[in-house]
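Worksheet for the structure shown next.
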Amino acid sequence: MMNQVPEITLNDGLTLPVIGLGTYKLKGSMGVNAITNAINIGYRLIDSAYNYENEGTVGEAVRRSSVPRQDLLITSKLPGRYQSYELAITAIQESLYRAHLDYYDLYLIHWPNPKQDKYVEAWQALIDAKKWGFIRSIGVCNFLPEHLERLEKETGVKPSINQIELHPFFNQEQQRKYHQEHHIITESWSPLGRANAVLENETIKEIANRHQKTVSQIILRWHYQLGAISIPKSASPERQLENLSIFDFSLDESEMKMINGLTRPDGRLQNQDPAIYEEF
């Protein structure tokens, strides 16, 4: 299965598969079983966060899986309450201790929290943690173009990736265009819209019927053809396999246009606008 998953190379040279596993709310023994199964059937990119409180679960799944650690790409994220430099360095170390890992492949600032104005300081901590070998690649989540510009201007280092809310009701066209122009890879959180009305959309259902695929497969294929990495979450072995199985068909230009046309100005699922929303 793994041979069928294409890869994207980040601006620092790290290569990631174009689809990974989201782990939000996957915890404890059930979480370990779900993540272990995902790894064993072909997932190599596993997304976690300090605030998910499941880095230990992810680490245990890594140890139980049949795949060597060096073949996996594990992500975690720095929470807003630890964005000052010293606290960020400690939090990164704590993330590693929780997971019993020697390094993270990807570590991201979870939200810019612009009112606190500490995200540049946090970014410097990630830059240094990378130099020290704690992290292979550093990026951000939910950063707007002005936040991204400031990081590069003040530190000389641009993120390798920006993980943003992206689904058919909120296609982030301008943000994606900015990423492309600045060689930052787009990663989609909640790529299936947190299983909301997106999955009941008649336009996508019609396209799914045409290809004899599920609605989820059509949406994930759409992400792939946009050039974005998607990280759908599922604890079901059948759904995990289904979500990986999107590389034996393609959407034509008109189908891509139909799905892009579903976007809404107020398409954010929980009104989490990074210009004002803060998470600690």
Check your understanding: Can the positive tip of Arg69 be found less than 6.0 Å from the middle of the six-membered ring of Tyr103, inside 45° of the ring normal?
Key -> yes
Check your understanding: So, His167 versus Glu165: side-chain donor-acceptor pair below 3.5 Å or not?
Key -> yes
Review point. With ring centroids as reference points, do Phe247 and Tyr224 lie under 6.0 angstrom apart?
Key: yes
Exercise for review: Start with the C-alpha gap between Lys118 and Glu121, add the side-chain angles, then the distance that decides, and say whether salt bridge (charged side-chain N to carboxylate O under 4.0 Å, His left out) holds.
Suggested key: CA-CA 5 Å; Lys118 290 184 177 176; Glu121 205 176 322; over 6 Å; no
Study note, to complete from the structure: When Ile41, Leu45, Asn40 are each screened for side chain to side chain contact (heavy atoms under 4.5 Å, CB included) with Tyr43, the one that passes is Ile41
Exercise for review: With Arg150 as the cation and Tyr119 as the aromatic partner, state whether NZ or CZ is under 6.0 Å from the six-membered ring centre and within 45° of the axis.
Suggested key: yes
Review point. Can Arg64 and Glu60 be said to form a salt bridge (charged side-chain N to carboxylate O under 4.0 Å, His left out), step by step?
Key: CA-CA 6 Å; Arg64 289 193 195 180; Glu60 183 62 24; 2.9 Å; yes
Point to revise | Exercise: do Ser48 and Asn54 side chains pair donor with acceptor under 3.5 Å | key: yes
**Study point:** Heavy-atom side-chain proximity of Val58 to Thr23 below 4.5 angstrom
**Key:** yes
Point to revise | Donor on one side chain, acceptor on other, Glu55 and Ser76, under 3.5 Å | key: yes
**Study point:** Derivation and outcome, salt bridge (charged side-chain N to carboxylate O under 4.0 Å, His left out), residues Glu206 and Arg210
**Key:** CA-CA 6 Å; Glu206 182 189 322; Arg210 200 180 298 165; 3.0 Å; yes
**Study point:** Pi-cation contact, Phe280 with Arg81 (under 6.0 Å, within 45°)
**Key:** no
Practice item. Tell me yes or no: between the side chains of Ser137 and Ser160, is some donor less than 3.5 Å from an acceptor? Key: yes
Exercise for review: For the residue pair Cys141 and Ile109, establish whether any side-chain heavy-atom pair is separated by less than 4.5 Å.
Suggested key: no
Check your understanding: Do Ile39 and Ile46 have side-chain heavy atoms sitting under 4.5 Å apart?
Key -> yes
Point to revise | No-hydrogen, no-angle side-chain donor-acceptor test under 3.5 Å, His110 and Asn51 | key: no
Check your understanding: Any chance the side chains of His182 and Glu152 put a donor and an acceptor closer than 3.5 Å?
Key -> no
Practice item. Evaluate whether atom OH of Tyr24 has more than 12 neighbouring non-hydrogen atoms of other residues, nucleotides or ligands under 6.0 angstrom away. Key: no
Review point. With a 4.5 Å heavy-atom cut-off, do Arg136 and Tyr107 have their side chains touching?
Key: no
Point to revise | Check: Val140 and Leu126 side chains under 4.5 Å, non-hydrogen atoms | key: no
**Study point:** Arg221 versus Gln217, side-chain donor and acceptor atoms under 3.5 Å
**Key:** no
Check your understanding: Under 6.0 Å from the CD atom of Glu154, do we count more than 12 heavy atoms belonging to anything else shown?
Key -> yes
Review point. Do Ile259 and Leu251 come close enough that some side-chain heavy atom pair is under 4.5 Å?
Key: yes
Review point. Side-chain donor-acceptor pair under 3.5 Å between Asn37 and Gln240, yes or no?
Key: yes
Review point. Does CD belonging to Gln70 count more than 12 external heavy atoms closer than 6.0 Å?
Key: yes
Review point. Below 4.5 Å, heavy atoms only, C-beta onward: do Trp132 and Ile89 meet side chain to side chain?
Key: yes
Point to revise | Flag side-chain contact, heavy atom, 4.5 Å: Asn142 against Gln272 | key: no
Exercise for review: Validate the cation-pi geometry between Arg98 and Tyr50: distance from NZ or CZ to the six-membered ring centre under 6.0 Å, angle to the ring axis within 45°.
Suggested key: yes
Check your understanding: Of Glu181, Gln175, Lys177, which is the lone residue that meets side chain to side chain donor-acceptor pair (under 3.5 Å) with His179?
Key -> Gln175
Check your understanding: Is Asp102 atom CG crowded by more than 12 heavy atoms from other residues, nucleotides or ligands, each under 6.0 Å away?
Key -> no
Review point. Where do Glu242 and Lys213 land on the salt bridge (charged side-chain N to carboxylate O under 4.0 Å, His left out) test, with the steps shown first?
Key: CA-CA 9 Å; Glu242 176 188 303; Lys213 296 288 181 180; over 6 Å; no
